[in-house]
Amino acid sequence: MTNRDRLRHLNRELVGCRACPRLVRWREQVAIDKRAAYRDETYWGRPVPSFGDPSAPILVVGLAPAAHGANRTGRMFTGDRSGDWLFASLHRTGLANQAESVGVDDGLELRRVWITAMNHCAPPANAPTAAERDACRRWMEAELDILTPRVVVALGGLAWSACLRVLGDRGHPVPRPRPPFGHLAEVALDGVTVIGSYHPSQQNTFTGRLTEAMLDAVFVRADSLAGRGRPPGK
């Protein structure tokens with residue numbers, strides 16, 4: 001069975017998950033209540049599957065779907081401001097065929113990148129509980145088994161901690177104490193490198209804590225470590 005087939009099968013299983021009652025109630029209620037701007041749209045309202053290049057050497061890990069972004073569109077980071085920043089950066093660095101993502105049928109294709117998240121259901125206040133994070137961990141574990149990425153990009157401090165925890169539990173030699181999160185922080189483990197990036201949230205992009213150049217630098221570095229570098233801006 002090919003990676004594509006295995007990932008497709010995994011995603012089919014994922015979208016039927018109802019393991020976390022609080023998240024099930026929330027994601028489904030949001031799909032009913034909707035935001036006024038999207039009142040004529042049919043919300044996805046289920047666990048949001050991962051997507052990207054099934055041969056990707058780069059795994060990008062976010063926190064969780066946005067209530068009116070991916071929980072609406074059914075694709076990670078699609079339909080919100082964070083996704084606008086992420087996909088524009090992937091396009092500038094040659095890892096996506098276009099700079100925008102508004103819906104699952106918009107023609108977006110990722111190159112050498114697979115996008116997943118710590119949690120696949122939109123959580124209240126963007127804050128999954130520790131138990132909810134643990135319950136969702138098996139999906140990323142399965143993706144690591146299938147993809148065996150050379151680089152993991154952690155978007156935000158929570159994703160950084162989760163990635164190091166999962167990789168450490170899988171036998172990778174994570175240093176003690178665990179390296180602190182920071183933008184462009186980097187930890188080389190056995191066969192995989194984890195890179196930290198500030199999350200492309202509005203809080204970070206509106207305040208200038210994260211700039212386009214800073215985000216591009218993360219993916220240029222990731223692509224270089226994954227085996228295909230290019231000069232910045234190319």
Side-chain angles (χ1 to χ4, degrees), residues 4 7 11 35 37-38 40-44 48-118 120 122 126 143 147 149-156 159-160 183-184 194-234:
R4 185 182 301 276
L7 290 164
N11 275 339
R35 181 171 284 172
Y38 308 123
D40 295 328
E41 296 188 24
T42 299
Y43 274 51
W44 173 255
V48 178
S50 307
F51 82 107
D53 182 345
S55 299
I58 302 168
L59 182 68
V60 177
V61 182
L63 175 59
H68 302 282
N71 188 58
R72 170 175 59 88
T73 64
R75 190 168 68 189
M76 286 291 181
F77 281 98
T78 299
D80 62 37
R81 294 289 182 86
S82 294
D84 291 346
W85 270 70
L86 176 61
F87 295 122
S89 181
L90 291 173
H91 181 252
R92 288 192 299 269
T93 54
L95 299 171
N97 68 326
Q98 61 190 44
E100 302 184 318
S101 180
V102 295
V104 294
D105 298 321
D106 62 11
L108 176 69
E109 296 179 5
L110 302 184
R111 303 165 181 148
R112 295 169 53 79
V113 168
W114 183 263
I115 296 179
T116 188
M118 294 165 48
H120 288 266
N126 293 320
E143 289 167 331
L147 292 166
R150 293 193 288 276
V151 180
V152 174
V153 175
L155 298 178
W160 170 267
H183 190 76
L184 280 175
V194 181
I195 301 176
S197 173
Y198 292 145
H199 193 284
S201 64
Q202 292 187 60
Q203 180 180 359
N204 287 334
T205 59
F206 281 10
T207 61
R209 187 179 190 221
L210 179 66
T211 65
E212 291 182 351
M214 290 170 64
L215 189 55
D216 291 356
V218 168
F219 292 113
V220 168
R221 177 61 175 162
D223 202 21
S224 177
L225 289 171
R228 189 190 67 186
R230 63 173 60 79
K234 299 295 184 182

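Note: hydrogens, waters and symmetry copies are ignored here, and every other heavy atom, side chains too, is used.
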Exercise. Would you give the length of the straight line joining atom OG of Ser197 to atom CZ of Arg221, rounded to the nearest 0.5 angstrom?
Key: 14.0 Å
Self-check item: Worked check of side chain to side chain contact (heavy atoms under 4.5 Å, CB included) between Trp114 and Leu7
Solution: CA-CA 10 Å; Trp114 183 263; Leu7 290 164; 3.8 Å; yes
Quiz prompt | Heavy-atom neighbours of Gln203 CD exceed 12 at 6.0 Å | solution = no
Quiz item: Is there a side-chain contact between Phe219 and Leu86, using heavy atoms and a 4.5 Å cut-off?
Solution: yes
Practice problem: Could you tell me which non-hydrogen atom of Met76 sits nearest to which non-hydrogen atom of Phe51, and how far apart they are? | Solution: O-CE2, 3.6 Å
Quiz prompt | Reported NE2-to-CG distance for the pair His91 and Leu110, which is rounded to 0.5 angstrom | solution = 11.5 Å
Quiz item: Taking atom CZ of Arg112 and atom CG of Leu95, what is their separation to the nearest 0.5 Å?
Solution: 7.5 Å
Quiz prompt | Nearest atoms (heavy-atom pairs only) where Ala70 meets Val48 | solution = O-CG2, 3.5 Å
Quiz item: Using the ring of each side chain (for Trp, its six-membered ring), is Phe87 parallel, tilted or perpendicular to Phe77, with breaks at 30° and 60°?
Solution: perpendicular
Exercise. Evaluate side chain to side chain contact (heavy atoms under 4.5 Å, CB included) for Leu108 paired with Asn97, printing each intermediate quantity in order.
Key: CA-CA 6 Å; Leu108 176 69; Asn97 68 326; 3.8 Å; yes
Practice problem: Write down the atom of Leu210, the atom of Leu215, and the distance for their closest heavy-atom approach. | Solution: CD1-N, 4.0 Å
Quiz item: Got Tyr43 and Arg35 here, is their nearest side-chain heavy-atom distance under 4.5 Å?
Solution: yes
Quiz item: Say you draw a straight line from CG of Asn71 to OG1 of Thr78; how long is it, rounded to the nearest 0.5 Å?
Solution: 12.5 Å
Self-check item: Approximate separation, where rounding is to 0.5 Å, of Ile195 CD1 and Leu155 CG
Solution: 11.0 Å
Exercise. Compute whether any side-chain donor of one residue and acceptor of the other, for Thr205 and Arg81, lie under 3.5 angstrom apart.
Key: no
Practice problem: Might you point out which heavy atoms bring Asp106 and Glu100 nearest each other, and give the distance in Å? | Solution: OD2-O, 4.0 Å
Quiz prompt | Heavy-atom pair with the smallest gap, counting every atom of Ala222 and Val153 | solution = CB-CG2, 3.9 Å
Practice problem: Nearest 0.5 Å please: distance from the NE2 atom of His183 over to the OG1 atom of Thr211. | Solution: 7.0 Å
Exercise. For the pair Leu225 and Arg150, evaluate side chain to side chain contact (heavy atoms under 4.5 Å, CB included) and give the outcome as yes or no after the intermediate values.
Key: CA-CA 8 Å; Leu225 289 171; Arg150 293 193 288 276; over 6 Å; no
Exercise. Would you confirm whether Arg72, through its side chain, and Gly79, through its main-chain N or O, come within 3.5 Å as a donor-acceptor pair?
Key: yes
Quiz prompt | By side chain to side chain contact (heavy atoms under 4.5 Å, CB included) - contacts of Asp216 (at least two apart) | solution = Ser89, Arg92, Thr93
Exercise. Could you check if a side-chain atom of Trp44 sits within less than 4.5 angstrom of a side-chain atom of Arg75, using non-hydrogen atoms only?
Key: no
Self-check item: Ile115 side chain reached by Leu90 side chain, heavy atoms, under 4.5 Å
Solution: yes
Quiz item: Is the shortest heavy-atom distance from the side chain of Asp80 to the side chain of His68 under 4.5 Å?
Solution: no
Quiz item: Taking all atoms of both residues into account, what is the closest heavy-atom pair of Ser50 and Asn11, and its distance?
Solution: O-ND2, 2.9 Å
Quiz item: Are any non-hydrogen side-chain atoms of Met118 and Val61 less than 4.5 angstrom apart?
Solution: yes
